[in-house]
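Below is one structure; the comments refer to it alone.
Residue numbering restarts at 1 for every chain, and letters A, B, ... go by the order of the sequence lines.
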Amino acid sequence: MAPEIKFTKLFINGQFVDSQSGKTFPVVNPSTGKVICQVSEGDKADIDLAVEAANEAFKLDSTWRTMDASARGRLMEKLAGLMERDMHYLAQLETYNNGKPLKDAVFDIYGAIYALKYYAGWADKIHGQSIPADGNVFVVTRKEPVGVAGQIIPWNFPILMLAWKWGPALATGCTVVMKPAEQTPLTALYMAHLTIEAGFPPGVINVVNGFGATAGAALASHERVQKIAFTGSTAVGKLIMEAAAKSNLKRVSLELGGKSPIVVFPDVDLDKAVQTCHNAVFANMGQCCCAGTRTFVHESIYDQFVEKATELARKRKLGDPFGEVDQGPQVSELQFNRIMALIEAGKKEGAGLKVGGQRHGPEGYFIEPTVFVDVQDDMRIAKEEIFGPVQQIMKFSTMEEVIKRANDTHYGLAAGILTNDINRALTFSQAVNAGTVWVNCFLHVTAQAPFGGFKQSGIGREMGEEGIHSYLEMKTVTISMSKF
Amino acid sequence: MTKQPEIKFTKLFIDGQFVDSVNGKKFDAINPSTGKKLCDVTEGDETDVDKAVEAARRAFKLGSKWRTMDASSRGHLICKLADLIERDAEYLAALETLNNGKPLPEAQLDMVFAVKCLRYYAGWADKIHGQTIPADGSSLVMTRKEPVGVVGQIIPWNYPVLMCAWKFGPALAAGCTIVLKPATETPLTALYLAHLSVEAGFPAGVINVVNGFGDTVGTALTKHPNIQKIAFTGSTAVGRLIMENAAKSNLKRFSLELGGKSPIVVFPDADLDNAVSTCFNAIFSNMGQCCCAGSRTFVHEDIYDEFVKKAAAMAAARKVGNPFDEGVEHGPQVSEKQFNKIIDLVESGKKEGASVKCGGKKWGTEGYFIEPTVFADVTDDMRIAKEEIFGPVQTILKFRTMEELIERANKTYYGLAAGVMTKDMNTALMFAQAVEAGSVWINCYDATTAQTPFGGFKMSGQGRELGEEGLHHYLEVKTITIAIPQKNS
């Protein structure tokens with residue numbers, strides 16, 4: 001069943017190469033806790049080589065800089081087509097390394113394909129303007145690629161996160177040095193292999209595996225990287241921004257954590273609401289930046305909601321992600337321990353544990369779907385991002401109150417409301433401090449819609465037309481109309 | 001010589017199927033290289049138009065497959081069609097050359113551009129954005145950009161496949177449904193594209209093709225009460241009728257790409273050989289059958305005589321012949337009617353006193369070939385300087401100053417394109433700013449790509465095709481205002 005691991009080195013300037021130090025690090029299968037293989041470990045020296053290659057590929061008059069914008073789009077379409085061809089293998093590799101159920105990996109890869117196709121379409125549609133400026137002048141703006149983009153992605157949706165990063169960067173004409181998460185380096189390397197077949201010039205895309213404190217830090221503080229894009233924890237996001245400021249003021253975009261509220265009003269179908277809230281928090285083993293991790297339920301339906309939510313969590317099938325399951329393991333031992341510690345805090349601080357709360361099985365990093373009720377706003381499980389299969393159900397009575405409590409957090413990534421009342425829906429969506437508001441749905445993310453955080457959930461937006469902006473630098477060209 | 005391509009589809013294409021016309025009539029498709037008939041083609045009329053419009057309406061109904069699919073899925077279908085054209089490009093190009101007469105390499109280039117155009121618009125499908133607007137009052141206000149509905153599209157014979165792609169692209173990206181009338185002279189390749197649309201997976205009724213004549217099928221489309229928009233490319237004379245009929249029927253939205261008498265201007269600081277070559281291609285491409293052809297060549301007096309000499313030599317060397325033969329650069333005009341019109345204007349040029357430096361008569365013994373023709377010492381009041389010839393006839397006029405030139409360039413009811421050859425930045429920018437033309441080409445000509453809006457000032461048309469602009473007239477803006485209890489910024 002285990003897919004063959006084909007690529008384990010670094011990918012620099014169109015070739016797979018060992019790290020300069022020769023070091024490697026282990027990649028683990030989270031379903032068993034066992035090592036799958038060793039992967040080359042990149043460090044500052046390798047980042048330097050990759051950045052050099054990316055800068056070369058970005059030079060004026062290079063193949064990449066001189067090709068038609070539409071031709072960039074064609075290359076991206078080609079890459080998407082190759083992903084479609086190798087879908088089966090990619091999904092298996094993703095599940096093997098990340099632990100998500102196979103059907104979820106397939107869904108992710110379709111999302112990645114659509115993201116690449118979406119951005120392929122933007123490549124030749126990035127418009128500057130001509131402007132009626134004061135003076136005897138002819139003024140235009142050009143939207144140029146910002147340059148070499150450093151991209152650091154997380155382990156929760158390895159291929160999807162890769163596509164979200166490569167899409168806008170390549171569409172705009174930037175070149176890329178990507179550091180995948182050290183927990184999940186394998187699918188990024190296979191994607192790098194596909195870029196050769198797709199026909200990308202060497203150096204346009206580079207992949208350097210390694211650790212945050214070494215390779216990641218080197219990328220964030222590199223003097224010859226013009227922009228860094230990071231998805232991960234808020235704590236590390238702050239470090240990235242600091243490093244960018246202290247080095248060369250590189251442009252920064254961040255997609256960080258969240259503690260997103262999902263609010264249930266009494267005028268909805270209760271079963272549908274319970275199911276939506278369940279998926280909102282348990283999808284991807286709870287390892288989702290925009291998970292609905294504070295479930296606010298109106299007091300008039302609270303008790304029935306709790307009963308149904310508990311039942312759904314109890315029925316959630318946990319096991320080998322290659323089998324017919326809803327939930328696989330958490331991605332690593334570190335994550336497992338973090339989540340368990342927060343579950344213990346929940347118990348200790350007096351939340352009612354309805355189901356779950358413990359490890360599942362003798363091997364790997366499986367945690368039972370867990371439901372806490374009567375959660376108070378000041379509990380750790382109500383404030384801190386757990387990133388695990390743990391639902392917090394809280395009671396509320398009025399709209400004003402729930403808006404206030406929903407916004408009482410440093411986070412601001414997403415929010416959801418379940419109601420059929422138009423005024424409630426609009427009042428809430430206007431008032432909540434969240435980059436994405438879902439009405440009568442949750443986790444509905446598409447290539448066309450901008451996604452990102454208010455406050456400490458991030459800076460900037462990915463996807464949609466917005467997603468292009470942070471990869472562009474605007475140049476104003478003013479031509480005097482008087483003879484010189 | 002390439003083997004003659006097999007003609008596979010000759011009927012009407014309505015609601016996803018090839019069907020006979022209701023009245024059973026047929027008309028001839030002609031090979032302009034020989035003047036001989038190629039085959040019968042089904043001739044539609046008003047009743048067939050009614051059927052096609054009905055199919056397009058059904059496909060456009062709320063809840064239909066076409067209306068409910070993701071916008072991105074529309075884009076994927078358009079991409080698929082582009083891929084199929086690319087797959088069958090060799091066949092399509094040969095069919096195009098057989099019926100239209102353009103040299104085979106040019107037909108092949110047309111296919112490349114048609115594919116690029118469709119792929120361009122495929123990318124727009126899910127990127128057509130409305131807005132949310134901070135309107136006065138306690139409300140949430142947004143705009144939706146909805147497909148305008150069933151669109152009638154009437155295309156010309158000069159670039160049959162390419163014009164089809166220019167029309168299909170934005171209409172399908174926007175989510176409209178289509179009834180297309182190809183030109184009577186060139187009915188065949190559009191039918192093959194219709195066949196490909198089935199393979200691509202378009203729902204039945206989204207694309208319909210009705211061949212026939214302008215005064216039956218064309219008129220029926222322009223007057224139809226259930227067509228929301230008409231897009232027409234062709235002559236200014238017919239463009240006026242389209243607009244009139246649109247007004248008299250249901251005020252359908254209309255967009256027009258009409259004729260031109262575009263100036264191309266050569267300053268003395270331009271590289272002369274480069275300028276001669278650019279001006280040559282500007283007029284002789286496609287046997288002069290190009291709406292934006294550079295059909296008034298203004299040359300500065302300092303370089304006039306030398307320019308004329310080189311231009312005549314280039315025209316004399318242009319290889320005329322069977323468009324399937326290797327090395328042929330110049331095929332026949334598309335029809336006897338066009339042939340006669342061009343010869344008539346050429347004769348008027350001679351009569352009104354312009355000097356024939358090259359050509360000026362029929363070429364060969366069969367088909368509609370005309371020799372590449374160069375007139376010098378042309379003055380603004382001659383017919384050949386004012387009327388659109390749409391043939392391989394270069395008219396070279398002399399000028400002295402920029403001010404004079406701009407005035408003369410603009411002294412026409414047309415305004416489709418203009419070109420200027422100069423190294424001087426100020427000259428270039430001043431000309432670009434002053435000339436009344438929808439496309440201005442500096443040190444190049446015919447530089448139209450999928451991304452660049454194209455269309456006419458004044459009587460060369462209304463609206464733009466290609467680029468983002470090309471989408472607008474396939475969309476209808478809906479403003480939605482929802483009252484909310486209390487608005488906040």
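Remark: T419(A) pairs with F265(A), D267(A), I417(A), D421(A), R424(A), A425(A) by the side chain to side chain contact (heavy atoms under 4.5 Å, CB included) rule, at least two apart or across chains.
Considering CD1 of I422(A) and CD1 of I482(B), their distance stands at 5.0 Å, rounded to 0.5 Å.
When heavy atoms are compared at a cutoff of 4.5 Å, Q433(B) approaches chain A solely by way of its side chain, counted from C-beta outward. Contact of Y118(A) with chain B is made through backbone and side chain together, with heavy-atom distances under 4.5 Å. Proximity to chain A is absent for every atom of A450(B), based on heavy atoms less than 4.5 angstrom apart.
A 4.5 Å side-chain heavy-atom check between D68(A) and K116(B) finds at least one atom pair inside the cut-off. Taking the side chain as every heavy atom from C-beta outward, C79(B) and E77(A) approach each other to under 4.5 Å.
Between N423(A) and A483(B) the shortest heavy-atom distance is OD1-O, 3.9 Å.
Heavy-atom pairs under 4.5 Å with chain A peak, among D70(B), L140(B), N426(B), at N426(B).
Heavy atoms from other residues, nucleotides or ligands lying under 6.0 Å from CD of Q131(B) number 12 at most. Open room surrounds NZ on K65(B); 12 or fewer heavy atoms of other groups in view lie less than 6.0 Å from it. Around CD of E407(B), the count of heavy atoms belonging to other residues, nucleotides or ligands within 6.0 Å does not exceed 12.
Taking 4.5 Å as the heavy-atom cut-off, the residues of residues 427-455 of chain A that approach chain B are T427(A), Q430(A), Q448(A), ordered by number. By a heavy-atom distance cut of under 4.5 Å, not one residue of residues 396-413 of chain A is near chain B. Of residues 121-132 of chain A, those residues with a non-hydrogen atom less than 4.5 Å from any non-hydrogen atom of chain B are, in numerical order, G121(A), W122(A), D124(A), K125(A), H127(A).
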